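The structure appears right after this line, and notes come after that.
What you see is a predicted model, and the numbers here were worked out from it, not measured in a lab. Residue numbers begin at 1 in each chain, while the letters A, B, ... track the order of the sequences. Computation of the quantities below employed the complete heavy-atom set of this structure, encompassing side-chain atoms and omitting hydrogens, waters and symmetry-equivalent molecules.
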Number of protein chains: 2
Amino acid sequence: MKMSDVAKLANVSPATVSRVLSNPDLVSKETREKVMEVINKVNYKPHIVARQFRTKETKIILVVVPDITSAFFSRVLRGIEHVAVKNGYQVILGDTENDTDRELEYINLLLQKQADGMVLLTARQDKEKLEEIAEHFPMVLACEYMDGSNVPTVSIDNISSARKVTEHLIQQGHTKIAHITGPINVVLGRDRLRGFQQAMMSHDLEIDSAYIQEGDFTFESGYNQMLKLLALEAPPTAVFAFNDEMGMGAIKAVKDSNLLVPNDVAIVGFDNIKMASVIEPNLTTIDQPKYEIGKKAMELLLNLINGEALQKKRFVMKDELIVRESSELVKNMP
Amino acid sequence: MKMSDVAKLANVSPATVSRVLSNPDLVSKETREKVMEVINKVNYKPHIVARQFRTKETKIILVVVPDITSAFFSRVLRGIEHVAVKNGYQVILGDTENDTDRELEYINLLLQKQADGMVLLTARQDKEKLEEIAEHFPMVLACEYMDGSNVPTVSIDNISSARKVTEHLIQQGHTKIAHITGPINVVLGRDRLRGFQQAMMSHDLEIDSAYIQEGDFTFESGYNQMLKLLALEAPPTAVFAFNDEMGMGAIKAVKDSNLLVPNDVAIVGFDNIKMASVIEPNLTTIDQPKYEIGKKAMELLLNLINGEALQKKRFVMKDELIVRESSELVKNMP
DNA sequence: CTGAAAGCGCTTACAG
DNA sequence: CTGAAAGCGCTTACAG
């Protein structure tokens, strides 16, 4: 059943059926009702691909996520989705599973006009290339970013947040502080490491190179790297984990080693996912305004799609240090 | 830049360019190389929407998820994705946030030919309607199903699994057993409740109606309903929660009430998400073969898309009871 | 307010 | 192995 069939049944031209569907005000009430009746009777659905092909619009936003499993990204997604749906766009997700090839495949969807715009929650491509694409297609980065790129970006200031959470540990009296990093080939991994180093150095604390262990975002890697740290001759008394997942893994490793958090080892995470306040002891962490990041990113993308100029390219959202049991020695001592 | 422009630059017809891209074997090596050179030089990307319009194929699979946040569904998704990608399909996700209207919107994408097929991880539509659609479009249900529908479906046997986990509690000596259900308007909520009732009745145990409390899948609802149960004059000594999320909420509620799991109240969940083995005490649960469910569902969908007949419509996957600390009294007593 | 007609960018059956 | 031509199902500028 196509539009011309409907037109015949309703004794009008295809153009009129099209108008009834896309621009009903242009059609007289009488005709409109006649056409709608036929449409409903035969349950006609327009072939959207044909429409997209004709109008050059898909009304689809593609969001690329490095890991759909992650509690962190799902909150960001919600922010994106809500703004998109309110503006008549549908959101589809591409999960890369941290694979840059799959990231590239999704970016190609944009180049091939299968979406009107794209939010990248992971940006591990060549910078020049991505900038080149962003010049021609609506695209915004969120959470992850590229050093000194001019692609519109929404994120927190990861360096300063990492510094803040590390300084919290220092203020608790720790001097032997380790850091379980994210993947160092990802900018976030590097930036949080940098913040950690800045805090240590500004307090004249030494960083034992064995105290820097690289993880891969997962609970398991946090667990394993923590076991490594505990096996050192002089284990740290405090650990800053790149994210809450790894922080929780680290807590589990400490417990499994018959040690106490925070008494033997204090642990802090990053992101403030829901589980951070559920696990015991509750995890000290940096709260990222996940929903707002998504919301802001989608708003910027709408601006780009509508050809509006952006006031600025880089939006730095406010983070917050949330101190909980996993790093507060005092409260836990009777 | 369109195909005819490339054709001109390469001194061939558009048809030849098209063949180079979609069916290179039909073109002589010489011509092919000449064309590829131009394509690379101008970085030509075919307009995929035009191709889709022409071929009536999108090579896209739409997966509809009730809650993208859920650790359970993300594993199912992985199974779907892996099979899809291996077969040249791209997976896009639609998150309904448990809203049946949004479910319907995504289903409309299929009707409008914006995807070649669809896996529904939530099926809360009118049965006749969904069956009607499934007759004309490739569609499979996974995890959630519809009573007595003939839409291809992959899931576990929720009734028997719920019976199994309840009987485990009975075997531990419990008689006062409560059930925090899922939403009763969802088939899974009803089926697991039924399994619970079957187990209780077949052991001649009474079900106090106050022992049935309805949750909404979330940690918070598990927490709140558990507090309600604990406030009863005669609180239960064991609780079967619809899923692990709610089970973990229930554990938290018991702890916050200064009671012990499993000594004061045993708790069991359902799904075996990763966190179930991390939380303390570890949560007894039913393992669903999440990845395999997704894999199987996608395989069935490929069959449907390729017009192959299915050997059968209903696939029941194997579940497994995983007994952990949250329900095993003995091991925890010194 | 409505219709006839052109055209969006591809693919493919047909002919040579 | 290659090209000319038709056509996929819509939308919209134009004319009336």
Side-chain angles (χ1 to χ4, degrees), chain A residues 1-39 42-60 88 108-116 136-137, chain B residues 1-39 42-60 88 108-116 136-137:
Chain A
M1 176 70 53
K2 51 182 149 167
M3 194 172 271
S4 55
D5 299 326
V6 174
K8 249 172 242 157
L9 290 172
N11 273 317
V12 296
S13 72
T16 298
V17 178
S18 175
R19 290 192 192 100
V20 168
L21 254 19
S22 310
N23 228 331
D25 293 346
L26 296 180
V27 182
S28 75
K29 185 157 169 287
E30 205 181 358
T31 315
R32 201 191 319 147
E33 283 171 356
K34 190 173 60 179
V35 172
M36 280 311 296
E37 203 176 321
V38 174
I39 286 176
V42 304
N43 192 27
Y44 166 71
K45 299 278 177 203
H47 192 299
I48 298 295
V49 175
R51 173 185 295 168
Q52 292 172 351
F53 172 53
R54 186 48 235 248
T55 60
K56 310 274 168 242
E57 273 190 346
T58 63
K59 288 288 174 188
I60 287 174
N108 275 331
L109 287 185
L110 182 68
L111 302 191
Q112 295 159 350
K113 317 273 173 58
Q114 296 203 73
D116 290 350
H136 300 290
F137 298 89
Chain B
M1 176 70 54
K2 52 183 152 168
M3 195 172 269
S4 54
D5 298 326
V6 174
K8 249 171 242 158
L9 290 172
N11 272 320
V12 296
S13 73
T16 297
V17 178
S18 175
R19 290 191 192 98
V20 168
L21 255 17
S22 310
N23 228 331
D25 293 346
L26 297 180
V27 182
S28 75
K29 184 156 171 289
E30 203 181 358
T31 315
R32 201 191 319 146
E33 284 171 354
K34 190 173 58 180
V35 172
M36 281 311 296
E37 202 176 319
V38 175
I39 287 176
V42 303
N43 192 26
Y44 166 72
K45 298 277 177 204
H47 192 299
I48 298 294
V49 174
R51 174 185 294 167
Q52 291 172 352
F53 172 53
R54 186 49 236 248
T55 60
K56 311 272 167 244
E57 272 190 348
T58 63
K59 289 289 174 187
I60 287 176
N108 275 332
L109 287 186
L110 182 69
L111 303 191
Q112 295 160 351
K113 317 272 174 57
Q114 297 204 73
D116 290 351
H136 301 290
F137 298 88

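- Contact annotation: A:Tyr44 side-chain N/O to D:dG9 OP1/OP2 distance is not under 4.0 Å.
- Atoms CD (B:Gln52) and P (D:dG9) sit 15 Å apart, rounded to a whole Å.
- The A:Arg54 side chain lies nearest to D:dT11 when the options are D:dG9, D:dT11, D:dT2.
- Atom CG in B:Asp5 sits about 13 Å away from atom C1' in C:dC10, given to the nearest Å.
- Residue A:Asp116 comes nearest to A:Lys59 through the heavy atom pair OD2-N, 2.8 Å, listed as atom of the first residue, atom of the second, then distance.
- In this structure, CD1 in A:Ile39 is found 11.0 Å from CG in A:Leu9, a value given to the nearest 0.5 Å.
- Atom CD of A:Glu33 and atom P of C:dC1 are 13 Å apart (whole Å).
- Residue A:Leu26 is classed as a base contact, given a heavy-atom separation below 4.0 Å to a base.
- Comparing C:dT2 with C:dA6, their P atoms are spaced 23 Å from each other, to the whole Å.
- At least one donor-acceptor pair closer than 3.5 Å links the side chain of B:Lys56 to the backbone N or O of B:Phe53.
- Under the stacking definition used here (centres under 5.5 Å, planes under 30°), the residue A:Phe53 fails to qualify as stacked on the base of D:dC10.
- When the side-chain nitrogen and oxygen atoms of A:Thr55 are compared with OP1 and OP2 of D:dC10, none of them lie within a distance under 4.0 Å.
- Going from the C1' atom of D:dG16 to that of D:dT12 covers 16 Å, rounded to whole Å.
- Atom CD of B:Glu37 is surrounded by 12 or fewer heavy atoms from other residues, nucleotides or ligands within 6.0 Å.
- Going from atom CD of B:Gln112 over to atom P of D:dG9 covers 15 Å, rounded to whole Å.
- The separation between A:Lys8 atom NZ and D:dG9 atom C1' is 13 Å, rounded to whole Å.
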For this session: Give the intermediate values and the outcome of side-chain hydrogen bond (donor to acceptor under 3.5 Å, both in side chains) for residues B:Gln52 and A:Gln52.
Result: CA-CA 10 Å; B:Gln52 291 172 352; A:Gln52 292 172 351; over 6 Å; no

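- Distance A:Ile48 CD1 to D:dT11 C1': 12 Å, rounded to the nearest Å.
- The separation between B:Asp25 atom CG and D:dT2 atom P is 13 Å, rounded to whole Å.
- In this structure, A:Thr55 contributes its side chain and A:Arg51 its backbone to a donor-acceptor pair below 3.5 Å.
- A 3.5 Å limit on both hydrogen-bonding distances identifies C:dG16 as the Watson-Crick or G-U partner of D:dC1.
- At whole-Å resolution of the value, NZ in A:Lys56 and C1' in D:dT12 are 13 Å apart.
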For this session: Could you walk me through whether A:Glu30 and A:Lys34 pass salt bridge (Lys or Arg N to Asp or Glu O under 4.0 Å), step by step?
Result: CA-CA 6 Å; A:Glu30 205 181 358; A:Lys34 190 173 60 179; over 6 Å; no

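- Of the residues in residues 11-23 of chain B, B:Val12, B:Ser13, B:Ala15, B:Thr16, B:Arg19 come within less than 4.0 Å of DNA chain D through at least one heavy atom, sorted by number.
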